[in-house]
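Heavy-atom basis, side chains included; hydrogens, waters and symmetry copies ignored. Just so we're on the same page: letters track the sequence lines, and every chain starts at 1.
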There are 2 protein chains.
Amino acid sequence: MNFEPELCQVDDALDIIVGKWKPIILLYLLKNGTMRFSELKRSIPDITQKMLTKHLRELEEEYIIDRVVYPQVPPKVEYSITDYGRTLEPILVSMHEWGLKHQQYKQQKQMEKASTAE
Amino acid sequence: MNFEPELCQVDDALDIIVGKWKPIILLYLLKNGTMRFSELKRSIPDITQKMLTKHLRELEEEYIIDRVVYPQVPPKVEYSITDYGRTLEPILVSMHEWGLKHQQYKQQKQMEKASTAE
DNA sequence: CGGCATCCCTTTTGATACTG
DNA sequence: CAGTATCAAAAGGGATGCCG
């Protein structure tokens with residue numbers, strides 16, 4: 001580490017990717033590039049329209065995604081990851097990989113605990 | 001990306017580092033290795049004892065830090081980062097660096113917006 | 001010194017109904 | 001289709017007091 005904890009800007013990055021459904025929204029847009037609102041909704045069945053709208057607005061506010069409205073009936077709105085948004089990809093991939101290893105590590109630790117408890 | 005959004009384990013990593021004071025606690029322990037409770041409290045003036053205790057317990061639960069109690073009066077408790085906990089360091093450093101760049105990027109974008117608004 | 005217990009406030013998320 | 005509005009529940013966090 002070459003920075004002081006007092007100057008920590010980790011929270012600025014966290015603010016953008018934290019939110020119950022934000023990581024999965026980001027991963028879908030990173031994978032597909034562009035998706036319609038309804039397409040995202042179908043891909044993430046348990047999310048409510050309210051939360052999907054809210055998270056998309058917040059990501060747009062931070063320049064991570066673009067929102068394009070096609071003025072037609074019925075409405076069509078497309079969301080796409082920006083080039084800038086793609087700079088988050090390595091971090092998300094690292095966290096995914098760390099998360100996978102952590103599951104294994106916890107299982108191992110808990111088995112150790114169970115065997116010494118006998 | 002070589003994984004499907006449905007299999008996303010980003011949240012497992014996020015769960016561990018998310019919390020109002022968790023990043024700064026982790027950065028102090030990564031920097032110093034071992035610190036006493038009161039030492040952490042002094043280093044992070046605005047944190048309450050309750051939140052410091054809570055976050056430390058959660059990090060211990062995930063094997064990120066160790067907690068050693070010295071049975072003496074007055075009590076002495078030392079917290080240290082585990083070897084396993086250190087595997088989080090690259091992710092925290094990446095997020096810190098991304099956070100720094102993001103501040104600059106936002107400023108630039110907002111200046112662009114201000115100049116076109118004239 | 002290093003906690004824990006209690007009460008309270010704020011923020012986040014969810015359920016549901018309605019709309020251009 | 002892609003939202004908004006409203007109400008309610010849950011989670012996160014803070015202030016304070018007490019304790020071995």
Side-chain angles (χ1 to χ4, degrees), chain A residues 8 10-29 32-62 64-81, chain B residues 8 10-29 32-62 64-81:
Chain A
C8 158
V10 170
D11 288 337
D12 293 70
L14 278 178
D15 283 347
I16 287 160
I17 57 178
V18 166
K20 184 156 176 186
W21 310 94
K22 273 188 191 170
I24 195 165
I25 290 172
L26 286 170
L27 294 177
Y28 269 115
L29 290 175
N32 297 333
T34 298
M35 291 176 80
R36 294 186 60 167
F37 185 88
S38 52
E39 207 175 345
L40 281 162
K41 178 75 185 70
R42 266 196 309 279
S43 304
I44 312 170
D46 288 346
I47 198 173
T48 60
Q49 281 197 335
K50 173 183 163 183
M51 289 311 296
L52 182 53
T53 301
K54 180 169 179 269
H55 282 163
L56 288 169
R57 289 290 186 286
E58 289 167 355
L59 292 169
E60 187 192 4
E61 183 85 11
E62 300 293 336
I64 308 300
I65 63 175
D66 273 333
R67 176 174 182 265
V68 177
V69 181
Y70 295 86
Q72 60 187 45
V73 182
K76 174 177 168 183
V77 180
E78 281 185 347
Y79 293 91
S80 56
I81 195 89
Chain B
C8 157
V10 170
D11 287 336
D12 292 70
L14 278 177
D15 283 348
I16 286 161
I17 58 179
V18 167
K20 184 157 177 186
W21 311 94
K22 274 189 191 168
I24 196 165
I25 291 172
L26 286 170
L27 293 177
Y28 269 114
L29 291 176
N32 297 332
T34 298
M35 292 175 81
R36 291 186 60 168
F37 185 90
S38 52
E39 207 174 344
L40 281 163
K41 179 76 185 68
R42 267 195 308 279
S43 304
I44 313 171
D46 289 345
I47 196 172
T48 59
Q49 282 196 334
K50 173 185 162 180
M51 288 312 296
L52 183 52
T53 301
K54 181 169 179 265
H55 283 162
L56 289 169
R57 288 291 186 285
E58 290 166 355
L59 292 169
E60 188 192 4
E61 183 84 12
E62 301 294 334
I64 308 300
I65 64 175
D66 272 333
R67 176 174 183 264
V68 177
V69 182
Y70 294 87
Q72 61 187 42
V73 181
K76 174 179 170 183
V77 181
E78 281 185 348
Y79 292 92
S80 56
I81 195 88

Review point. Is the distance from OP1 or OP2 of D/dA2 to the nearest side-chain N or O of A/Ser38 less than 4.0 Å?
Key: yes
Exercise for review: Answer with base, sugar-phosphate or nothing: what part of the nucleic acid does B/Lys41 contact at a heavy-atom distance below 4.0 Å?
Suggested key: nothing
Check your understanding: CD of B/Glu60 versus P of C/dG2: gap in Å, rounded?
Key -> 15 Å
Review point. For the pair made of CZ in B/Arg67 and P in C/dG2, what is the distance, rounded to whole Å?
Key: 10 Å
Review point. Base, sugar-phosphate alone, or nothing: which one does A/Arg42 contact when heavy atoms must sit under 4.0 Å apart?
Key: nothing
Exercise for review: Can you tell me the distance, in whole Å, between the CZ atom of A/Arg57 and the P atom of C/dT13?
Suggested key: 17 Å
Check your understanding: Base, sugar-phosphate, or nothing: which does A/Tyr70 touch, judged by heavy atoms less than 4.0 Å apart?
Key -> nothing
Practice item. Would you tell me if any nitrogen or oxygen in the side chain of B/Tyr79 comes within less than 4.0 Å of OP1 or OP2 on C/dG3? Key: yes
Exercise for review: Might you confirm whether atom CD of A/Glu61 has over 12 heavy atoms from other residues, nucleotides or ligands at distances under 6.0 Å?
Suggested key: no
Check your understanding: The side chain of B/Arg36 lies closest to which of these nucleotides: C/dG3, C/dG2, D/dG3?
Key -> C/dG2
Revision key, fill the gap. Expected string for nucleotides 6-20 of chain D under the B/S/- scheme (protein heavy atoms, under 4.0 Å, primed atoms plus P, OP1, OP2 as sugar-phosphate) is B------BBB----B
Review point. Whole Å only: how far is the CZ atom of A/Phe37 from the C1' atom of C/dG20?
Key: 15 Å
Point to revise | Distance in angstrom units between A/Lys22 NZ and C/dT11 C1', rounded | key: 13 Å
Check your understanding: To the nearest angstrom, how far is A/Leu52 atom CG from C/dT13 atom P?
Key -> 13 Å
